[in-house]
Amino acid sequence: MSQKIFSIEFFPPKTPEGAQKLRVTRAALARLQPKYFSVTFGAGGSTQSGTRDTVFEIRREGHDAAPHLSCIGRTRDDLQALLAEYKEQGIKRLVALRGDLPSGYGMASGEFHHANELIEFIRAETGDWFHIEVAAYPEVHPQAKSPQDDLQHFARKVQAGADAAITQYFYNADAYFRFVEDARRVGVEVPIVAGIMPITNYSQLMRFSDMCGAEIPRWIRLKLASFGDDGEAIREFGLDVVTRLCERLLAGGAPGFHFYTLNQAAATTAIWQRLNLSA
Ligand code: FAD
């Protein structure tokens with residue numbers, strides 16, 4: 001079990017209260033001894049400085065921290081300066097993404113259009129300094145032309161120099177296993193860590209899933225809807241579903257999990273402990 005990679009994701013807080021709350025969350029989750037904490041960038045309007053400040057704070061606390069870095073709408077100069085700063089601060093790991101422009105922005109702006117171009121740029125600028133994680137989509141990226149096309153583009157990111165991948169969250173283990181099989185068939189050998197989204201809030205989960213293309217199986221959706229406002233029942237059911245998903249993934253050879261915590265400690269801690277991941 002100890003060879004597996006278990007990591008934890010936060011988003012950068014926007015207020016001093018949010019920052020304080022995240023410190024408490026982080027202290028609780030640090031006890032689980034994850035391999036690293038990652039911090040998103042841009043999602044929900046978060047800023048570059050929010051990601052940077054949070055990552056540096058995590059580093060100062062003595063943990064490994066990985067900033068997410070998205071390239072859409074950014075310039076080479078801007079990215080070059082940020083990479084130099086991360087390097088100077090001893091950051092060794094990045095999650096490299098295309099990212100999404102806020103609606104209303106043209107996709108043609110910026111010097112990068114896809115994540116593979118960003119990875120090539122990072123490798124050209126900084127050699128092997130960074131361990132680079134990229135995104136993978138077992139249920140297919142929502143803008144992909146076809147599953148085959150998406151898989152080829154995923155393979156391009158690895159050819160460009162990615163060391164590992166983290167998947168979008170999903171609740172269908174078969175989609176993950178099939179994706180890994182397909183990736184191996186097209187020559188991708190890097191670890192494909194499963195992204196895990198604990199279930200704690202029905203409407204929030206539906207909203208996120210609509211945006212990112214993750215499918216909530218009908219039986220899970222109907223069950224969650226049937227609990228109405230009973231938050232305790234939703235959390236208990238969610239814990240059971242996600243723990244069983246993780247058990248299946250581990251039994252089927254998943255190399256690790258990346259937990260999308262949404263800056264909450266309780267659900268991730270409960271799943272982690274049920275699975276005995278720190279052992
Ligand atoms: P890409 O790999 O570039 O793919 C995007 C689309 O373009 C796909 O449909 C693909 O098939 C296609 N494509 C890829 N390469 C090419 C090419 N060379 N030519 C033509 N088509 C191509 N978003 C944020 O804003 N901030 C975050 O911090 C963040 N963190 C994330 C972390 C993880 C683990 C995951 C899974 C997603 C994260 N996202 C984040 C969301 C991500 O930015 C979006 O899903 C985005 O739409 C795609 O990013 P990507 O890096 O996968 O893009």
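Just so you know, ligand 1 is whichever comes first in the structure, and atom 1 is the first atom listed for that ligand. What you see is a predicted model; the values in this text were computed from it and never measured.
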Proximity to ligand 1 by part of [X], non-hydrogen separation under 4.0 Å:
{"X": "V134", "result": "neither"}
{"X": "Y260", "result": "side chain"}
{"X": "K157", "result": "side chain"}
{"X": "H141", "result": "side chain"}
{"X": "H113", "result": "neither"}
{"X": "H114", "result": "both"}

For ligand 1, which atoms, with element, lie under 4.0 Å from some heavy atom of [X]?
{"X": "D100", "answer": "44 (C), 46 (C), 47 (O)"}
{"X": "D150", "answer": "8 (C), 9 (O), 10 (C), 11 (O)"}
{"X": "Q168", "answer": "36 (C)"}
{"X": "A135", "answer": "35 (C), 36 (C), 52 (O)"}
{"X": "Q143", "answer": "9 (O)"}
{"X": "N116", "answer": "15 (N), 18 (N)"}

Return the OH to CD distance between Y36 and E133, rounded to the nearest 0.5 Å. 3.5 Å

Quick one: pull up CD1 in I58 and CG in D64 and give me the separation to the nearest 0.5 Å. 10.5 Å

Inspect the surroundings of [atom1] in [X] and state if more than 12 heavy atoms from other residues, nucleotides or ligands are less than 6.0 Å away.
{"X": "R184", "atom1": "CZ", "answer": "yes"}
{"X": "E181", "atom1": "CD", "answer": "yes"}
{"X": "K92", "atom1": "NZ", "answer": "yes"}
{"X": "R76", "atom1": "CZ", "answer": "yes"}

Decide whether Y137 and I196 are clustered together by the hydrophobic rule: side chain heavy atoms of Ile, Leu, Val, Met, Phe, Trp, Tyr closer than 4.5 Å, transitively. no

Pairs of nitrogen or oxygen atoms closer than 3.5 Å, one from [X] and one from ligand 1: do any exist?
{"X": "A115", "value": "yes"}
{"X": "T40", "value": "no"}
{"X": "S70", "value": "no"}
{"X": "F41", "value": "yes"}
{"X": "H68", "value": "yes"}
{"X": "T167", "value": "no"}
{"X": "A144", "value": "yes"}

Tested for side chain to side chain contact (heavy atoms under 4.5 Å, CB included) against F257, the lone hit among L277, T268, T167 is L277

Do R156 and D150 meet the salt-bridge criterion of a basic N to acidic O distance under 4.0 Å? no

Any atom of ligand 1 sitting under 4.0 Å from a heavy atom of [X]?
{"X": "G99", "result": "yes"}
{"X": "Y137", "result": "yes"}
{"X": "D149", "result": "no"}

Parallel, tilted or perpendicular: ring planes of [X] versus [Y], cut at 30 and 60 degrees:
{"X": "W219", "Y": "F237", "result": "perpendicular"}
{"X": "Y86", "Y": "F56", "result": "perpendicular"}
{"X": "F154", "Y": "F179", "result": "tilted"}

Decide yes or no on side-chain contact (heavy atoms from CB on, under 4.5 Å) for H68 and T51, but give the supporting numbers first. CA-CA 8 Å; H68 293 210; T51 302; 5.6 Å; no

